[in-house]
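Values below: every heavy atom of this structure, side chains too, minus hydrogens, waters and symmetry copies.
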Amino acid sequence: MELQSRTFFDQGTDMQHLVVFMYKNNHPSKIEVILEKDKNGIYLFNYVNDVCLSQKERKEFEHWALHEI
């Protein structure tokens with residue numbers, strides 16, 4: 001996975017927009033996601049476009065993204 005861009009909203013880390021390129025098992029994907037931290041400090045993943053990821057790939061992506069931020 002490769003982070004292409006990361007944009008912060010409201011000059012903080014509570015809301016971010018990520019664009020990531022992922023190539024796994026001959027399956028290229030461009031993933032756009034808005035991360036929003038809830039009142040408990042947990043990030044919620046709001047996928048911008050209909051992303052064609054399996055549940056396993058989605059979990060791997062979210063795990064990777066949380067370590068990138």
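Residues that satisfy the side chain to side chain contact (heavy atoms under 4.5 Å, CB included) test with Lys59, not counting sequence neighbours, are absent from this structure. For Glu60, the salt bridge (Lys or Arg N to Asp or Glu O under 4.0 Å) criterion is met by Lys24, not counting sequence neighbours. For Met15, the side chain to side chain contact (heavy atoms under 4.5 Å, CB included) criterion is met by Phe9, Ile34, Glu36, not counting sequence neighbours. Remark: Arg6 pairs with Gln16 by the side-chain hydrogen bond (donor to acceptor under 3.5 Å, both in side chains) rule, at least two apart or across chains.
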Donor-acceptor pairs are to be reported for all side-chain atoms of residues 39-49 against protein atoms at under 3.5 Å, with residues two or more places apart or in another chain.
| residue | atom | partner | partner atom | Å |
| --- | --- | --- | --- | --- |
| Tyr43 | OH | Thr13 | O | 3.1 |
| Tyr47 | OH | Glu62 | OE2 | 2.7 |

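When side chains are defined from C-beta on, Lys30 counts as touching Val19, because their heavy atoms get closer than 4.5 Å. Using a 4.5 Å heavy-atom threshold, the side chains of Met22 and Ile31 count as touching. Contact annotation: the side chain of Met1 never approaches that of Phe21 to less than 4.5 Å [non-hydrogen atoms, C-beta and beyond].
Taken to the nearest 0.5 Å, the CD atom of Glu57 stands 14.5 Å off from the CH2 atom of Trp64.
In the displayed structure, Glu68 atom CD is contacted under 6.0 Å by more than 12 heavy atoms of other residues, nucleotides or ligands.
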